[in-house]
Every structure is written in structure tokens, then in C-alpha cells.
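Below is one structure; the comments refer to it alone.
Just so you know, these numbers come straight off a predicted model, no measurement behind them. To find a chain, count down the sequence lines: A is the first, B the second, and so on, and within it residues start at 1.
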Number of protein chains: 2
Amino acid sequence: MEERIERIKQQLHSHGYKLTPQREATVKVLLENEEDHLSAEDVYLLVKEKAPEIGLATVYRTLELLSELKVIHKINFGDGVARYEFRAENAAHHHHHLICIQCGTVDEIVEDLLGDVEKMVERDFNFEITDHRLTFHGICHRCKAESESE
Amino acid sequence: MEERIERIKQQLHSHGYKLTPQREATVKVLLENEEDHLSAEDVYLLVKEKAPEIGLATVYRTLELLSELKVIHKINFGDGVARYEFRAENAAHHHHHLICIQCGTVDEIVEDLLGDVEKMVERDFNFEITDHRLTFHGICHRCKAESESE
DNA sequence: CTAAGTGCAAAACGTTTGCAGCGCC
DNA sequence: GGCGCTGCAAACGTTTTGCACTTAG
């Protein structure tokens, strides 16, 4: 945890930015809730518990800054709010999302399912892929278990 | 074109809705620009050329209605605006998007690349897939050709 | 001292909604 | 003459911005 903050601090410094207390609080919240896909509002409320004087705008500015530095990733599941998650350190390491249409939970698949598909797309469409997004919508194992036990 | 409008008219009627002039103008714009992925604002401006008296709210309501009837599909590429495209007639027929980060063009891949991947996900994660979204971000063949010729 | 960073409030953005009026069966 | 549909304007929730103040190097 500490060393990850230290790393982010260095990334900020190398681009001429500072790790202010507000930014540090925001990063901590993101680290502590790495499993979830927090919205800016979520982050704001959690940060406010540690540092009540922080403003929503600062959280937005920090999230945008961290996105620019590619520390976090801004994702959009189509529900009108942006969510944020840490980026994998090694660029090749992709992951995907399973969104439950019943309970709304977002699970992750950390395996890279698209290696072959990407190669095919690059070749057949002469398209140089820099990133991809893959989400599955459906019913998660929890909701399936629940409906079966009824 | 005419028969497609007729079909949509029937779909509306079968659910107790009418094909009003405003709705018809909207559908026509969607049909005429099927290649593009128009935002609500885009549709509004194009419809306004044919029917200047139309309101933006009506366009939104029409697009929502057509989405409900599964005539069109609301998609979100993460740029903050919803876009719309016609749905494939046969539900099994998926397609995916190639978004160019240089020129912004959205191309389509009509092949279903995910058949095997879906089976794997359903089995390994006990997740019942109802839908999926796959987009690749990168540099399209046009921009690649352009940068090479410089 | 200077520039970056902050909090607040106001603005902007895409989208939705309330409502009075209109037009079609 | 009732009801679906429309246009307008106002409201909405999320995100951005302008500005004066604070802080760190």
C-alpha cells in the first residue's frame, strides 16, 4: 500500500505534479476499494470521511489527472456515471467485466480472452489496436443461485 | 427503405403506438445514416432539416421508444453521449466496433468473434450472458495510410 | 515569490420531465 | 371528446470551470 502510494507520488513528480494531502486521500480511497468500480461521487463521499474539507471538484480534478497519467482508468458502463479502476502495471494485461443486469454487481475476468481475436482484427482490418473494452451483460452466479433456490 | 419504414410502423402499431410524422422523420434520418453512429443531437439536427418544428424532446422520446421496441440500440462509447444504431434482425447476429482514436470514425465488424469466448465465460464463471459489448480503440486503416504517406 | 493546487459556487452538458395545447381516431 | 403525442421550458444529475484564496518549494 505505502509503496504503491510512493510510486504514484513519483509518477506525479515526474510530470511536475505534487501529491497533495487531498490527492493522497483520494488515492488511498481508490486503493482501499480496488475491488469496486467507484464513481466520482462514491470516491468523494469516501474521501470526505477522511478529509471533510475536500471539494467535489478536487476529486474530479484528481481523477482526471490520474487518468492522464494512466494510473487509473475511466470506464463507462452506460449508466451515465464514469467509474474508475486501477490500471494493470503491464500494458499487456487486460481484463474484462461481467455486469449483472439483476443486481448490478460488476465482476472481473482477469484473463486475456482476446489475444487471438486481436491478432485477427489487426490483420484483417488493418487496424492498430491500442486498447479494447469487453463487457458481458447477463445474470451473475449469485442471482442464478438465488432464483434457483426459490 | 419504404418497406423498412412499413415494418417499423407495424411494430409500433402492434404495441399501441403511432408512426407520427415526427417519428417517421426520425426513423428516416436513422435509416439514411445507418453507417454512422448518430447521437441524439445529431439526429435532432438532421431531422430539423426536414421538419424544422420538431423539438429535441420528441427526438429523445422517439429514440427511447424505438429502443424499447428493440428496433434500435442505444450504445455508449464512453464519450458522454449516447449513440444509436439499428439492431440486427436476428438476435444471434452480433457485431463490434472499431473506434479510431485519431479521426474518431467508428467502423463495424459484423462477424461474431466471441462465440467460443462466450461459451467459456458461461461455463467457467457460471454467468448467463444476455448481451455483450466489444470495442477496440486504436488507429484505423485510413489514418495509418495517411501517416505513412507523409 | 511564484506557480500549482484548492474550495466554493456557478455554469455547462446531455438528458428527462411537467404541462398546456394539438390533432387524430 | 378522449387520449396519445407534441413543443417548450424548466428540472435533473453529472461533470467542468472561473475565481479568489491557500499552500508548498
(request) Side-chain contact test, heavy atoms from C-beta onward, threshold under 4.5 Å: evaluate it for B:Asp107 versus A:Phe125 and give yes or no. (result) no

(message) Is the shortest side-chain heavy-atom distance between A:Glu2 and A:Glu6 below 4.5 Å?
(response) no

(request) Would you please name every residue forming a ring-ring contact (aromatic ring centres under 6.0 Å, His included) with B:His96, sequence neighbours left out? (result)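 For B:His96, the residues satisfying ring-ring contact (aromatic ring centres under 6.0 Å, His included) (neighbours in sequence not counted) are B:His132.
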
(request) Could you list all the salt bridge (Lys or Arg N to Asp or Glu O under 4.0 Å) pairs where at least one residue sits in residues 49-68 of chain A, not counting sequence neighbours? (result) A:Glu32-A:Lys50

(message) Give me each pair satisfying salt bridge (Lys or Arg N to Asp or Glu O under 4.0 Å) with a member in residues 130-139 of chain A, each pair once, sequence neighbours excluded.
(response)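 Salt bridge (Lys or Arg N to Asp or Glu O under 4.0 Å) check on residues 130-139 of chain A returns A:Asp131-A:Arg133.
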
(request) Could you check which residues of residues 22-32 of chain A get a heavy atom under 4.0 Å from DNA chain C? Sort them by number, please. (result) A:Gln22, A:Arg23

(request) Tell me which residues in residues 43-63 of chain A put a heavy atom below 4.0 Å from DNA chain C, sorted by number, or none. (result) A:Glu53, A:Ile54, A:Gly55, A:Ala57, A:Thr58, A:Arg61

Got a sec, which residues hit salt bridge (Lys or Arg N to Asp or Glu O under 4.0 Å) with [X], two or more places apart in sequence or on another chain?
X       : result
B:Asp36 : none
A:Glu24 : A:Lys28
B:Glu34 : B:Arg4

Whole angstroms only, please: what is the [atom1]-[atom2] distance between [X] and [N]?
X       : N      : atom1 : atom2 : answer
B:His13 : D:dC5  : NE2   : C1'   : 13 Å
A:Leu65 : D:dT17 : CG    : P     : 14 Å
A:Glu64 : D:dT14 : CD    : P     : 18 Å

(request) Is it possible for you to say whether A:Val81 and A:Tyr84 belong to one hydrophobic cluster, with membership spreading through side-chain heavy-atom contacts below 4.5 Å? (result)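 No, no single cluster joins them.
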
(message) Within this structure, what is the OG1-CG distance for the pair A:Thr62 and A:Leu19, rounded to the nearest 0.5 Å?
(response)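 It is 9.5 Å, given to the nearest 0.5 Å.
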
(request) Kindly compute the distance separating OG1 (A:Thr26) from CG (A:Leu31), expressed to the nearest 0.5 Å. (result)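 Going from the OG1 atom of A:Thr26 to the CG atom of A:Leu31 covers 11.0 Å.
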
Tabulate atom names and distances for all N/O pairs under 3.5 angstrom spanning the protein and nucleotides 23-25 of chain D.
none

(request) Report yes or no: do A:Glu85 and A:His37 form a side-chain donor-acceptor pair below 3.5 Å? (result) yes

(message) Does a side-chain N or O of B:Thr20 approach OP1 or OP2 of D:dG4 to a distance below 4.0 Å, or not?
(response)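 Indeed not, no polar side-chain atom of B:Thr20 lies that close.
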
(message) Assess the residue pair B:Leu66 and B:Ile8 against the criterion (side chain to side chain contact (heavy atoms under 4.5 Å, CB included)); give the C-alpha distance rounded to whole Å, side-chain angles, the decisive distance to 0.1 Å, and a yes or no.
(response) CA-CA 9 Å; B:Leu66 293 173; B:Ile8 291 165; 4.2 Å; yes

(request) With a 4.0 angstrom cut-off to heavy atoms of chain B, pull out the first and last contacting nucleotide of DNA chain C, in 5'-to-3' order. (result)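 Footprint of chain B along DNA chain C, 5' to 3': C:dG14 to C:dG18.
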
(message) Which residues in residues 76-85 of chain B have a heavy atom closer than 4.0 Å to any atom of DNA chain D?
(response) none

(message) My understanding is that a hydrophobic cluster links ILVMFWY residues whose side chain heavy atoms are under 4.5 Å apart, including indirect links. Using that, what else belongs to the cluster containing B:Ile139?
(response)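 Besides B:Ile139, the hydrophobic cluster comprises B:Ile101, listed by chain and residue number.
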
(message) Check the orientation of B:His97 and B:His95. Use parallel for under 30°, tilted for 30 to 60°, and perpendicular for over 60°.
(response) perpendicular

